[in-house]
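Working notes, beginning with the structure itself.
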Number of protein chains: 2
Amino acid sequence: MTAARRLSRFELQIMQALWAGGPLSIREIQQCFPPDDRPAYTTIQTMVYRLEAKGAVERVKKISNAHIFAPLITRESALRRLVEEFLGLFGGRAQPLMAHLIETGKLSLDDIQEAEKTLRRLSKKKENS
Amino acid sequence: MTAARRLSRFELQIMQALWAGGPLSIREIQQCFPPDDRPAYTTIQTMVYRLEAKGAVERVKKISNAHIFAPLITRESALRRLVEEFLGLFGGRAQPLMAHLIETGKLSLDDIQEAEKTLRRLSKKKENS
DNA sequence: GCCAGTCTCCTAATATTGTAGTAGAGACTA
DNA sequence: TAGTCTCTACTACAATATTAGGAGACTGGC
């Protein structure tokens with residue numbers, strides 16, 4: 001079960017850093033935050049420890065006296081969880097979300113076409129099963 | 001500025017009721033929750049008051065001795081805010097989100113095709129401007 | 001071996017969110 | 001108009017999230 005518990009916004013930001021940058025030390029995670037709004041070292045630390053308690057990250061090694069943390073849950077599973085929740089707030093329907101993504105230019109035509117292809121493939125597979 | 005502050009999950013659920021059902025009283029909002037997990041009247045009340053303090057709802061009239069509340073921010077602007085935040089956590093890219101929606105069957109082929117049409121129309125408009 | 005710097009571990013204040021009780025005002029009904 | 005019911009306004013408290021300080025261990029250079 002990769003599920004893990006619900007992660008807070010801030011916790012997700014830290015996971016984000018780990019997903020993007022591979023195993024990192026506390027200091028390195030801190031450096032992922034913009035200089036003008038960077039939490040204190042110990043703030044990050046507390047979060048990472050909490051993530052560790054939740055089973056979302058683990059210590060993989062020690063460089064000098066610094067622990068190096070790596071994500072234990074995948075970006076995908078976190079995304080799944082989030083989307084679930086997110087859609088729940090909007091009646092479970094994804095369509096308005098899509099519409100919004102398009103209107104704000106977050107989705108390109110290529111993205112959509114790619115999606116369509118995937119979808120066709122999936123539905124065909126279902127037919128055959 | 002329709003922006004308003006960030007809304008919590010529960011606050012959004014209340015907004016959801018208001019967006020869906022038009023101006024409502026506290027009691028009516030409460031009734032929007034499933035009977036088997038319905039917060040106390042005063043719990044809803046507190047939330048609505050907080051939403052009022054945040055400028056997300058306002059009192060539009062009084063029926064008998066009950067206040068009627070209406071949303072001050074649109075569903076769209078709240079959605080925009082949420083999506084922004086949401087995507088921020090995933091590097092601002094919408095594609096992985098799409099992929100997920102498809103895999104979990106949240107998006108139908110119709111949805112996609114509709115989206116594609118919209119997108120084509122939009123991009124054409126842009127060309128001409 | 002000592003010093004400066006960095007890191008860990010523990011602790012804790014503060015803010016935000018979720019939850020709800022109570023007192024009393026106002027409204028409806030017999 | 002007395003009784004009952006509903007709603008408001010205020011208050012309280014627990015849980016969670018955010019933020020960070022301080023003491024002391026460890027490391028690397030001199």
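Numbered from 1 within each chain, the chains take letters A, B, ... in sequence-line order.
Residues B:Leu97 and A:Leu109 fall within the same hydrophobic cluster, defined by Ile, Leu, Val, Met, Phe, Trp and Tyr side chains chained together at heavy-atom separations under 4.5 Å. Hydrophobic clustering keeps A:Ile68 apart from A:Trp19 (ILVMFWY residues linked when any side-chain heavy atoms are closer than 4.5 Å, directly or through intermediates).
Close to C:dT17, at under 4.0 Å from its OP1 or OP2, lies a side-chain N or O of B:Lys54. The side chain of B:Arg27 places an N or O atom within less than 4.0 Å of a non-bridging phosphate oxygen (OP1 or OP2) of D:dC7. Within the 4.0 Å cut-off from OP1 or OP2 of C:dT6, not a single side-chain nitrogen or oxygen of A:Ser64 is found.
Across all their heavy atoms, B:Arg38 and B:Gln31 have their closest contact at NH2-O, 3.4 Å. Of all heavy-atom pairs spanning B:Val60 and B:Phe69, the tightest one is CG2-C, 4.5 Å.
For A:Leu7 and D:dT18, the CG to C1' distance is 15 Å, given to the nearest whole Å. The NE2 atom of A:His67 sits 11 Å away from the P atom of C:dC10 (whole-angstrom rounding). Rounded to whole angstrom, the span from the CG atom of B:Leu24 across to the C1' atom of D:dC7 amounts to 16 Å. We find that CZ of A:Arg6 is positioned 12 Å from P of C:dT17, with the value rounded to whole Å. Rounded to whole Å, the distance from CD on B:Glu11 to C1' on D:dT16 is 14 Å. Distance A:Lys61 NZ to C:dC7 C1': 17 Å, rounded to the nearest Å. When rounded to the nearest whole Å, the span between CD1 of A:Ile63 and P of C:dT6 equals 16 Å. Computed from coordinates, the A:Gln30 CD to D:dT18 C1' distance equals 15 Å when rounded to whole Å.
Relative to the side chain of B:Asn65, the nucleotides D:dT6, D:dT8, D:dG28 differ in distance, and D:dT6 lies closest. Side-chain proximity of A:Arg59 to C:dC28, C:dC7, C:dC9: nearest is C:dC9.
If you take CZ on A:Phe33 and CD1 on A:Ile14, they are separated by 5.0 Å, rounding to the nearest 0.5 Å.
We find that A:Arg120 and A:Glu116 are joined by a salt bridge, their nearest charged nitrogen and carboxylate oxygen being less than 4.0 Å apart.
Not a single donor-acceptor contact under 3.5 angstrom links the side-chain atoms of B:Arg9 to the base of C:dG18.
For residues 33-49 of chain A, proximity to DNA chain C is found at A:Tyr41, A:Thr42, A:Gln45, A:Tyr49, defined as any non-hydrogen atom under 4.0 angstrom from a strand atom.
Using a 4.0 Å heavy-atom cutoff across all strands shown, B:Arg50 reaches at least one base atom of the nucleic acid.
For B:Lys62 and A:Lys62, each mapped to the nucleotide of DNA chain D holding its nearest heavy atom, the one lying further toward the 5' end belongs to B:Lys62.
Between A:Glu84 and B:Lys106 the shortest side-chain heavy-atom distance falls below 4.5 Å.
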